[in-house]
Q: 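Let me begin by handing over the structure; questions about it come next.
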Amino acid sequence: MDTTRHDLVIVGGGAAGLRAAIAAAVQDPQASIALVSKVYPMRSHTVSAEGGAAAVARADDNLEMHAFDTVKGSDFLGDQDVIQYFVAEAPKELTLLEHWGCPWSRNDDGTVATRAFGGMSTKRTWYAADKVGFHMLHSLFQQSLRYPNIVRYDEQFVTKLIVDGGAVHGVASLDIREGAVRLILGRAVLLACGGGGKIFPFTTNGNIKTADGMALAYREGVALKDMEFVQYHPTGLPGTGILITEAARGEGGHLKNSEGERFLTTRDYGVGTKAELGPRDMISRAIIQEIEAGRGIKGPYGEYVNLDLTHLGGDVIMKRLPMVRELSMLYGGADPITQPIPVRPVVHYMMGGVDVDIDGASALPGLYAAGEVACVSLNGANRLGSNSLTECLVFGARSGLAALRFAKGTSAANEAACARQAEEESARVAALRGKRGGERMAQLRRELGVTMEEGCGVYREQASMEATVHATAALRGRYDDLGLQDKSTVFNTELVAALELGNMIHVAETIAVSAAHRNESRGAHARRDTKKRDDQNFLYHTLAFAGYSGPRLAKKPVTLGIWEPEERKY
Amino acid sequence: MARPVNPHAMTPSRPGRTRTAPPQAPSGWYTQPRMLKYLLFDATGIVYLLVGFVALRVVWALGSGDAAWAELLRQLQNPLYIAFHVLALVSVVFVAVRFFSLFPKSQPAHIGPAKPPPQPLILAGLYAAWIGVTLVVTAVLAGWVL
Amino acid sequence: MSEQKKTFVVTRFDPDKDQAPRQQTYEVPVQPDWKVLDALNYIKDEIDGSLSHRWSCRMAVCGSCGMMVDGKPSLTCKDALSDYGDKVEIAPLANFPIVRDLVVELEGFLEKLKSVKPYILRAKERALEEGTHRQSPEQLEEFKQFSYCINCMLCYSACPVVANEPEFIGPAAIALGHRYNMDSRDEGQHERNEIFRGEGTVFSCSYANECSEVCPKHVDPAAAVNQAKFNAVIDWLTGFVTTRGGK
């Protein structure tokens, strides 16, 4: 068994993973840090983030305002101690990124510019035209090239966490190119694998967002927290699901229905004067309600509403939203300078994830998580736009340092036991390659998407959620009869896709089960049958553990602190 | 349809862990007009090399007395020589036009405190200088001045 | 939606079985608004699960899906299938060793990228308490375009020098090095210009301009490389005139 040994193993090479690696590498230049990613780091899905990253920057802003906006945006399910730490660290992290070369857009006086964003009481979103994720990821990746103690394992797919003696000691990872499973030992493992939007059929997420990190932790008995909260971003292009950033609304774009009406201002959708800059869950619900009321515009990929930027003028669009224009023309068939962009709500982000504390530590010793894969919980029941990139940096750094501290203080693994586990995993993966079976992967993927869309859409109800619970459990069974065509060992992407599908089905089940048991409407979990938020009975985080016949649930209290839950109106 | 390129093109210093097939050239290269234009651009180097040889011949004749000079002038009337010189002129013009068109964007945004002039001005300046120098040298060689 | 069929001739190569790359033909029912990548995904999902190709974002920003389409480098998630005829040839990126089917070896590029020191170099790191550097919008414009590179490597496939000189570090690497040279926050110009005077760097470029023609993000690497030539020369000349302390 090909074995390598490191102090810290980071799984995932996006913003959170790279930030954690750099933090650990700087903290201890003698520490050996493995960065294991199933794609080259510059392909990580961080790259597609467009709008901006939030941190207090202006004189008319303060940490308390940012914190309260985040708490309220989370529909009071966010842990307030986490949020307070987050808003304090946010400006430092974005400044650090500026030092590392990130080309933030500037005001005329040379200071960093900020723009308005949904749910934020003032302008605090730092931006880089409308390609912030791209610039952040490349700045982080290029910065990471300075540190020789960051050892990269590119195009390696981690299939199992190696747990021995009650603690994590490394990972078993499939070398996608070679086809062999290798053992990468680390005295701590940090998951930074991102979320799982590909579980749903219509998503902004790229092909690689398959909930791998969540599944890895889940299968080792770690709880997944708040899985029912799936964020639908209001403005995705119909058909492809490609994201049209919230910044388009931040710069002044209007949402209009089939009658040309700016429905967020003319009808009461709870967003008040914020209108298009209300929180994402409310705007998505507003759009769905408009469509259901018959005021949607019919198109070849379903009904949509219009995002109108024509009044902003070519100058503003070319300077601040150039990528929005490119994407609308390439994939949406509309030039925003002269035409409205067709948009509809699309799955974008998972507020839920691996249950970790403020240090990113899970209940399993040695296992840490940061970024979208983790649920700290910063975002509670609904995330505000531009908080997520900052989250990756703040908690990537903190968790990376915490994981390194743990690694330094813990003893080395029983290598023989770990190698045995890795051998078993290698056999399991080899058996999956080119396996005979009756089920087709594309078919299972499609059915998974359909049932998740029906049961866990923008609006949910008990009957369809329960149907989804049963359907995902059934898919788990049918997955065992999967038939594959590619038997070769070298760069077998069908095998990787099959492993990803397995991860998606496991995590989808936790989403469905968690959703079916939350009998209230809070944040992104909106039910038609129970429309109100119920703080008496449901002010807790849902924990989903792997059980024998499906996920079993538990509760975890929310850390309040300064702000008591109040009615969420804007 | 693929033609081989240097077998080590884009090969990493440490060999990959599986066997790879050697790199291939883009199959569109040898038919694409833009690419043929570039190959022609580079190929004019041969013409300049030959012009250099002719220049050496002229200088040698200059130093070898009146008879050698008269012989050279007679040889240069040969249609082949004339055709060659026309080819050389066409090459120079072709290269100059392509080079000038690509020159403006090769100016860095600043060199120390100095900024380049706007691109149309750079182009105008290049053509003016080229034509100007050509006229002056022609005038001298043709005996119109000096 | 109307159903139209196109024929795809795709390069296949499995090092376990094939001596050399071969071609395989697929008939695919295509939609009018498809990009080339959609057809490849259809082949993989519905016809032949053994076709390996890289892709991720499908919105022309991650750079994974570069391939040769009808002999020209193309970002397959960006190029519309309707721009091509009824028979489309898809091959792996030119000038790269082929790992499997449409997947090429990228380690060579990463080595070249690392060699230009693509990060902010300063004599003394700025302290966090000092806040962000001041950088005017004009200063940002000077390098912004060169920072758009998504590392898709179409420029490497287009460059005739890459094809013939293995040591040439290539358009994207030089463009990224130049991006940092032009960044007002960077103080490493002398170091990088020294690298740019070395073997296989900027002076290997013979200004074919193909890299800029194929770049899907309008980075204009040809401009970067040729600007870098200027800067490298000026840096060399000023080295005789000035003394450089401590860099």
Side-chain angles (χ1 to χ4, degrees), chain B residues 1-45 94-116 119 122, chain C residues 11 13 15-16 18 20-21 23 68 70-73 89 91-100 104-112 138 141-143 153 156-158 160 162-166 170 178 181-182 206-210 212-213 220 222-223 225-231 234 238:
Chain B
M1 271 301 288
R3 288 164 207 244
V5 293
N6 187 311
H8 300 295
M10 293 313 291
T11 301
S13 59
R14 270 181 316 155
R17 297 174 305 277
T18 63
R19 180 172 69 90
T20 54
Q24 301 174 339
S27 59
W29 262 359
Y30 302 97
T31 51
Q32 224 179 314
R34 214 170 54 216
M35 201 52 176
L36 292 174
K37 207 166 148 188
Y38 160 72
L39 290 174
L40 223 57
F41 175 82
D42 270 1
T44 55
F94 168 62
V95 165
V97 169
R98 186 176 189 274
F99 185 79
F100 287 176
S101 71
L102 293 173
F103 186 83
K105 75 175 185 183
S106 70
Q107 302 307 297
H110 64 262
I111 297 178
K115 283 198 195 300
Q119 295 201 349
I122 298 179
Chain C
T11 302
F13 174 66
D16 285 346
D18 299 318
Q23 289 187 317
M68 306 302 283
D70 278 354
K72 301 202 181 71
E89 269 189 40
L93 273 184
N95 302 337
F96 286 86
I98 306 171
V99 171
R100 165 89 194 266
V104 297
E105 169 76 85
L106 293 180
E107 286 301 316
F109 168 70
L110 287 168
E111 285 176 0
K112 293 177 201 279
E138 292 75 39
E141 281 305 311
E142 286 178 1
F143 70 91
M153 275 157 279
Y156 283 75
S157 286
V162 167
N164 290 302
E165 279 184 43
H178 185 62
N181 273 350
M182 298 305 288
S206 57
Y207 219 159
N209 203 47
E210 283 298 303
S212 294
E213 296 278 355
D220 204 354
V225 175
N226 287 281
Q227 289 181 21
K229 286 180 191 169
F230 249 93
N231 282 340
I234 304 279
T238 54

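In the text below, chain A, chain B and the rest are named by the order of the sequence lines, each starting its count at 1.
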Q: Which of the residues C:Pro97, C:Gly170, C:Ala158 is involved in the greatest number of heavy-atom pairs with chain B at under 4.5 angstrom?
A: C:Pro97
Q: Counting only heavy atoms closer than 4.5 Å, note whether B:Thr31 contacts chain C via side chain, backbone, both or neither.
A: neither
Q: Any non-hydrogen side-chain atom of C:Asn226 less than 4.5 Å from a side-chain atom of B:Leu102?
A: no
Q: Do NZ/NE/NH1/NH2 and the carboxylate oxygens of C:Glu107 and B:Arg14 come within less than 4.0 Å?
A: no
Q: At a heavy-atom separation under 4.5 Å, does C:Phe230 approach chain B through its side chain, its backbone, both, or neither?
A: side chain
Q: Are C:Ile98 and B:Gln24 side-chain neighbours, meaning at least one heavy-atom pair lies under 4.5 Å?
A: yes
Q: Looking only at heavy atoms and a cut-off of under 4.5 Å, which of B:Pro22, B:Pro7, B:Ser13, B:Pro104 has the most pairs with chain C?
A: B:Ser13
Q: Under 4.5 Å from any heavy atom of chain C, what part of B:Thr18 do you find: side chain, backbone, both or neither?
A: side chain
Q: Restricting to non-hydrogen atoms, name the atom on C:Gly71 and the atom on B:Pro26 that form the minimum distance, rounded to 0.1 Å.
A: O-CB, 3.6 Å
Q: Quick one: does C:Ser206's side chain get under 4.5 Å of B:Phe41's, heavy atoms only?
A: no
Q: For chain B, find which of C:Ser212, C:Ala20, C:Gly108, C:Ser157 contributes the most heavy-atom pairs closer than 4.5 angstrom.
A: C:Gly108
Q: What is the minimum heavy-atom distance between B:His110 and C:Met182, and which atoms define it?
A: N-CE, 4.1 Å
Q: Which residues pass the salt bridge (Lys or Arg N to Asp or Glu O under 4.0 Å) test with C:Asp18, sequence neighbours left out?
A: C:Arg22
Q: Specify the closest pair of heavy atoms between B:Ala25 and C:Asn95, including all atoms of both residues, with the distance to one decimal.
A: CA-OD1, 4.2 Å
Q: Please examine the side chains of C:Glu105 and B:Pro12, heavy atoms only from C-beta on, and report whether any two atoms are closer than 4.5 Å.
A: yes
Q: By a 4.5 Å heavy-atom criterion (distance strictly below it), what part of C:Tyr156 contacts chain B: side chain, backbone, both, or neither?
A: side chain
Q: So which of C:Ala222, C:Pro166, C:Ala228 has the largest heavy-atom pair count under 4.5 angstrom toward chain B?
A: C:Pro166
Q: With a 4.5 angstrom heavy-atom cut-off, is it the side chain or the backbone of C:Tyr207 that approaches chain B, or both, or neither?
A: both
Q: Count the heavy-atom pairs under 4.5 Å between each of C:Lys72, C:Glu138, C:Glu213, C:Glu165 and chain B, then report the option with the highest count.
A: C:Glu213
Q: State, to 0.1 Å, how close B:Ala21 and C:Phe13 come at their nearest heavy-atom pair, and which atoms those are.
A: N-CE2, 3.6 Å
Q: Determine the option with the most heavy-atom pairs under 4.5 angstrom with chain B, choosing from C:Glu210, C:His178, C:Glu141.
A: C:Glu210
Q: Answer with side chain, backbone, both or neither: which region of B:Ile111 has an atom nearer than 4.5 Å to a non-hydrogen atom of chain C?
A: side chain
Q: Which pair of heavy atoms, one from B:Tyr38 and one from C:Pro160, lies closest together, and at what distance?
A: CE2-CG, 3.4 Å
Q: Provide the closest heavy-atom pair for C:Lys112 versus B:Met10 in the form atom of the first, atom of the second, distance.
A: CE-SD, 3.5 Å
Q: Select one option (side chain, backbone, both, neither) describing which atoms of C:Ala163 are under 4.5 Å from chain B's heavy atoms.
A: both
Q: Give a yes or no on this: more than 12 heavy atoms of other residues, nucleotides or ligands lie within 6.0 Å of atom CZ of B:Phe99.
A: no
